[in-house]
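Note sheet for the following structure.
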There are 2 protein chains.
Amino acid sequence: MAFEPISEHLAPAATVGRLIELTLGLSLPGSVLTLSPDEEVFAEEEEAAFVYKVVSGAVRTTRLLSDGRRQIGAFYLPGDVFGLESGPVHRFSAEAIKPTKVAMVRRSGVERAAAQDPVAARQLWLLAAHELEDLQDHMVLLGRKTAVERVASFLVKLSQRADTRVIDLPMSRNDIGDHLGLTLETVSRAMSQLARDRAISLPNARHVVLNNLSALTC
Amino acid sequence: MAFEPISEHLAPAATVGRLIELTLGLSLPGSVLTLSPDEEVFAEEEEAAFVYKVVSGAVRTTRLLSDGRRQIGAFYLPGDVFGLESGPVHRFSAEAIKPTKVAMVRRSGVERAAAQDPVAARQLWLLAAHELEDLQDHMVLLGRKTAVERVASFLVKLSQRADTRVIDLPMSRNDIGDHLGLTLETVSRAMSQLARDRAISLPNARHVVLNNLSALTC
DNA sequence: CGCAGGTTTGACTTCACTCAATCGGCGTGG
DNA sequence: CCACGCCGATTGAGTGAAGTCAAACCTGCG
């Protein structure tokens, strides 16, 4: 578990003027935001003037239906790029899940780089293509998997991303549910079920150890 | 309703050597395939050597889970590009839904064009970005909408794509179900429900008229 | 030490699924 | 031209997986 600064600012604090490496071979001047838990990076429908990269902490993107139902589009961890749009506005809002630092660069700078440098343009395409691939897998999960399968797939993916079998969950059961199309209670039950079957261990609610990858991949 | 040729070939027939306009300002040499209903354009895991564009008819992309559960990723109608991958292989299979013609161009040609021409590179990115946006909306549908809402949203989207309130459905209830994360019976019941509420009319199973857009957009 | 937040578990409900029968429209052949 | 058969769609009845509501349980923090 990472040690975070004890106190966070009430408003996002920005460090300006650094050079940000958005993705391999695409570095642009930008700044770093420091965010407290639940603090917003950008809102749905807001003008998409910046592209972001998680430095530390974790970010969720969310969309709200008119009656309050919520879908979490994705969780972004250190190194992940988010908020890149092709249209004028953001299609999801983005919030820090815990104390978080995100780097931001002007979108206009990114587009200019892509217009001039074919390598940068390719990186931009790859960014979108990889997000698309993740989302395609997630669609299959939402469309055709059971609650236990959804939670198992989610844990396996987190484990692959962190490249460890020991996962530190930054998000609540409610967040996981809103990502997997389930309620927080169903997520909790699915985790208990997996632990009962010895596929995972739950030293505590925010720590998961994957014991049996093949039992989870079914 | 379009009039299709009475008989189709048993194997896909190809016309070679035409110039294909994949997307605005990106034309490349390619050929046109003629496909019968349920005929495969490419298979999941197959090497992704071509990019395709629907000329006439309709195409579905599908992924199968080991136990036979099926998810339809998207339906592609005339003008739509599909099968563009960032990795070496196709992540879904693609099949014609009815008698269909698809244009195909070499992926290597597309990538070369993008490497040389920033405008082509941008078109490629936009292609991925728009597919990503569609998928994000679909994720919200799968994660958080009820059966009737899913069917309503699906019909509205088809209507917007065709720019008519009179929809000619090329796909079966089973296909719609596998796209919306429902069973064919639930799709049928949802349609009957919408017709009972006068939000749509069903002159027959494959024709839908949207009567009340606002009742469907809820 | 006690509170507050998130988590777990339990009891009951509900929406969509399953299984099954019937319906309907289209194409073929008598 | 009409009757039959076939396949997809519809409808019904019963089941089940996940949702809802509610209570109890941690556990980290003031």
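Below, chain A is the first sequence line, B the second, and so on; all start at residue 1. Computed from a prediction, not measured in an experiment: that's the story for all the values here.
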Please list, for nucleotides 21-23 of chain C, all pairs of protein and nucleotide N/O atoms separated by less than 3.5 Å.
none

I'd like to compare against my own output: the B/S/- annotation of nucleotides 12-20 of chain D with a strict under-4.0 Å heavy-atom distance to protein.
BB----SSB
Side chains of B/Gln71 and B/Leu142: does their closest heavy-atom pair fall under 4.5 Å?
yes
Are the side chains of A/Gln193 and A/Asp197 in touch, meaning some heavy atoms are under 4.5 Å apart?
yes
For the side chain of A/Glu131 and the backbone of A/Ala128, is there at least one donor-acceptor N/O pair under 3.5 Å apart?
no
Would a distance-only check, ignoring hydrogens and angles, find a side-chain to backbone donor-acceptor pair under 3.5 Å from A/Ser159 to A/Thr164?
yes
Taking [atom1] from [X] and [atom2] from [N], how many angstroms apart are they, rounded to a whole number?
X        : N      : atom1 : atom2 : answer
B/Ile200 : D/dT10 : CD1   : C1'   : 13 Å
B/Leu184 : D/dG8  : CG    : C1'   : 9 Å
A/Met191 : C/dG6  : CE    : P     : 16 Å
B/Met171 : D/dA9  : CE    : C1'   : 16 Å
A/His207 : C/dG6  : NE2   : C1'   : 15 Å
B/Arg206 : D/dG8  : CZ    : P     : 8 Å
B/Leu169 : D/dG8  : CG    : P     : 15 Å
B/Glu149 : C/dA16 : CD    : P     : 9 Å

Is the shortest distance from a Lys or Arg side-chain nitrogen in [X] or [Y] to a carboxylate oxygen in the other one below 4.0 Å?
X        : Y        : result
A/Asp178 : A/Arg173 : no
A/Lys157 : A/Asp137 : no
A/Arg60  : A/Asp38  : yes
B/Glu39  : B/Lys98  : no
B/Asp80  : B/Lys53  : no

Measuring centre to centre across the rings, with the benzene-like ring taken for any Trp, is B/Phe50 within less than 6.0 Å of B/Phe42?
no
Pull out every protein N or O sitting under 3.5 Å from an N or O of nucleotides 28-30 of chain D, one pair per line with the distance.
none

Take atom CD in B/Glu47; do more than 12 heavy atoms of anything else shown fall under 6.0 Å from it?
no
Look at A/Ser192 and C/dT9 and indicate whether a side-chain polar atom (N or O) is within less than 4.0 Å of OP1 or OP2.
yes
